[in-house]
Protein chains: 2
Amino acid sequence: MPAQREHKQPSPSGRSLEHPDRADIRLEGVLHALSDPMRLQIVRDLAAVEGELNCSVFDLPVSKSTTTHHFRVLRENGVVQQIYRGTAKMNALRRDDLEALFPGLIGSVLTAASLQATRLEAAS
Amino acid sequence: MPAQREHKQPSPSGRSLEHPDRADIRLEGVLHALSDPMRLQIVRDLAAVEGELNCSVFDLPVSKSTTTHHFRVLRENGVVQQIYRGTAKMNALRRDDLEALFPGLIGSVLTAASLQATRLEAAS
DNA sequence: CTCGTAGTTTGACATCCATCGTACTACGAG
DNA sequence: CTCGTAGTACGATGGATGTCAAACTACGAG
């Protein structure tokens with residue numbers, strides 16, 4: 001039932017996606033979003049390219065619908081921004097908003113993730 | 001079934017509590033532990049006093065058994081250290097371990113939590 | 001218009017999670 | 001030894017979460 005999209009403002013290039021305003025982003029939500037290995041990997045990849053990536057460049061070991069689910073969690077918790085561009089859906093980290101709300105947080109999470117990856121790798 | 005405590009070494013003052021080694025602490029686990037409002041509050045209080053606190057000084061709006069549950073999650077994910085001292089159970093942040101593994105992470109989470117608290121308060 | 005590609009939606013399912021109440025255990029005080 | 005206090009263990013329960021497969025939608029290419 002498509003009865004819940006109240007303010008559906010037709011976006012420039014097609015479907016619309018709901019994003020929380022900056023003021024509605026919650027720390028607990030962001031931490032929860034980042035606490036899943038799959039989603040943390042997505043965020044790391046996104047941060048690494050410093051730009052936009054479409055969904056399909058992520059080679060996640062899960063089905064397409066699960067991937068959709070994870071991107072939705074990231075979007076609903078204010079971690080990523082998604083826009084449709086033709087048939088692709090581009091994703092980008094909401095760096096400015098996150099930095100304004102939680103200064104240094106994303107940076108230390110990314111650093112921590114790198115360090116841990118190195119550490120786990122070294123432990124063969 | 002109490003068949004999983006393999007190396008149960010009797011601790012100096014009574015019951016034993018299992019803590020993960022530093023090397024076994026995982027970023028995802030820490031983020032998950034911090035993503036619950038109740039547990040984030042506990043960690044903030046713990047950080048504020050820069051020392052040990054027993055469980056009962058936390059005035060959480062949940063039952064005793066739920067409180068036990070949250071402290072266990074924090075302990076099992078390497079966020080806090082707990083030791084029995086008589087009938088009380090003292091809790092402390094594992095600052096050194098967390099700082100060594102994930103430099104700056106705890107600090108930015110605490111800062112973010114403060115900022116958000118202020119922000120939400122200001123929004124009446 | 002038709003097709004293929006990219007992603008969504010739905011429904012199902014098993015697991016995990018936060019919460020509770022009640023019964024239980026450990027320890028210190030008296 | 002007995003009692004009170006601090007916290008644990010044990011189900012139980014309702015709700016969220018991660019996962020999937022299958023059917024569906026939107027868009028560009030031809």
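Numbers restart at 1 for each chain; the letters A, B, ... are given by sequence-line order, proteins then strands. Values in this document were obtained by computation on a predicted structure and should not be read as measured data. Any value given below was found using the heavy atoms of this structure, including those in side chains, with hydrogens, waters and symmetry copies removed.
- If you take CG of B:Asn77 and P of C:dC16, they are 14 Å apart, rounded to a whole angstrom.
- Here C:dA29 sits opposite D:dT2 as a Watson-Crick or G-U wobble pair (both hydrogen-bonding atom distances under 3.5 Å).
- In this structure, the CE atom of B:Met90 is 14 Å from the C1' atom of D:dG7, given to the nearest Å.
- You'll find the side chain of A:His32 reaches within 4.5 Å of the side chain of A:Arg39, heavy atoms only.
- A sub-4.0 Å separation between OP1 or OP2 of D:dG28 and a side-chain N or O of A:Arg85 is absent.
- Checking A:Val62 against B:Arg72, the closest nucleotide of DNA chain D that is more toward the 5' end is the one next to B:Arg72.
- Remark: A:His70 is in phosphate contact with D:dT19, judged by side-chain N or O atoms under 4.0 Å from OP1 or OP2.
- Separating the CG atom of A:Asn91 from the C1' atom of C:dA6 is a distance of 12 Å, rounded to the nearest angstrom.
- Following rounding to the nearest Å, B:Ile83 (CD1) and D:dG7 (P) show an atom-to-atom distance of 13 Å.
- Nucleotide C:dA12 has D:dT19 as its partner under the Watson-Crick or G-U criteria, with both atom distances under 3.5 Å.
- With D:dG18, C:dA6, C:dT19 as the choices, the nucleotide that has an atom nearest any side-chain atom of B:His69 turns out to be C:dT19.
- Heavy atoms only, all atoms of each residue included: A:Leu93 and A:Leu46 are closest at N-CG, 4.0 Å.
- Panel note: side chain A:Asp36, backbone A:Met38; a donor-acceptor pair is recorded below 3.5 Å.
- Checked by atom type and distance alone, the side chain of A:Glu76 never pairs as donor or acceptor with a backbone atom of A:His19 at under 3.5 Å.
- Taking both residues in full, the closest heavy atoms of B:Arg44 and B:Ala113 are given as CD-CB, 3.6 Å, listed atom of the first, atom of the second, then distance.
- Judged by distance alone, the side chain of B:Asn91 and the main-chain N or O of B:Gln82 form no donor-acceptor pair under 3.5 Å.
- Regarding contacts with the backbone of C:dG21, every side-chain N or O of B:Ser63 stays at 4.0 angstrom or more from both OP1 and OP2.
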Distances under 3.5 Å only, N/O to N/O: pair up the protein atoms with those of nucleotides 13-15 of chain C.
none

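- In this structure, CG of B:Asp36 is placed 18 Å from P of C:dC16, rounded to the nearest angstrom.
- Nearest-nucleotide positions on DNA chain D for A:Thr66 and B:Thr68 put B:Thr68 closer to the 5' end.
- The NZ-C1' distance, from A:Lys64 to D:dA22, rounds to 11 Å in whole Å.
- At least one donor-acceptor pair under 3.5 Å links the side chain of B:Arg119 to the backbone N or O of A:Ala23.
- Rounding to whole angstrom units, CD of residue A:Glu28 and P of D:dT17 are separated by 13 Å.
- Side-chain contact annotation: B:Ser108 with A:Ser108, donor-acceptor N/O pair under 3.5 Å present.
- One can place CZ of A:Arg75 at 13 Å from P of C:dG7, the figure rounded to the nearest angstrom.
- Side chain of A:Ser65, nearest nucleotide from C:dT10, C:dA18, D:dT19: C:dT10.
- For B:His32, the listed nucleotide lying nearest its side chain is C:dA18; candidates were C:dA18, D:dC10, D:dC20.
- Listed nucleotides: D:dG7, C:dG7, C:dG21. Nearest to the side chain of A:Tyr84: C:dG7.
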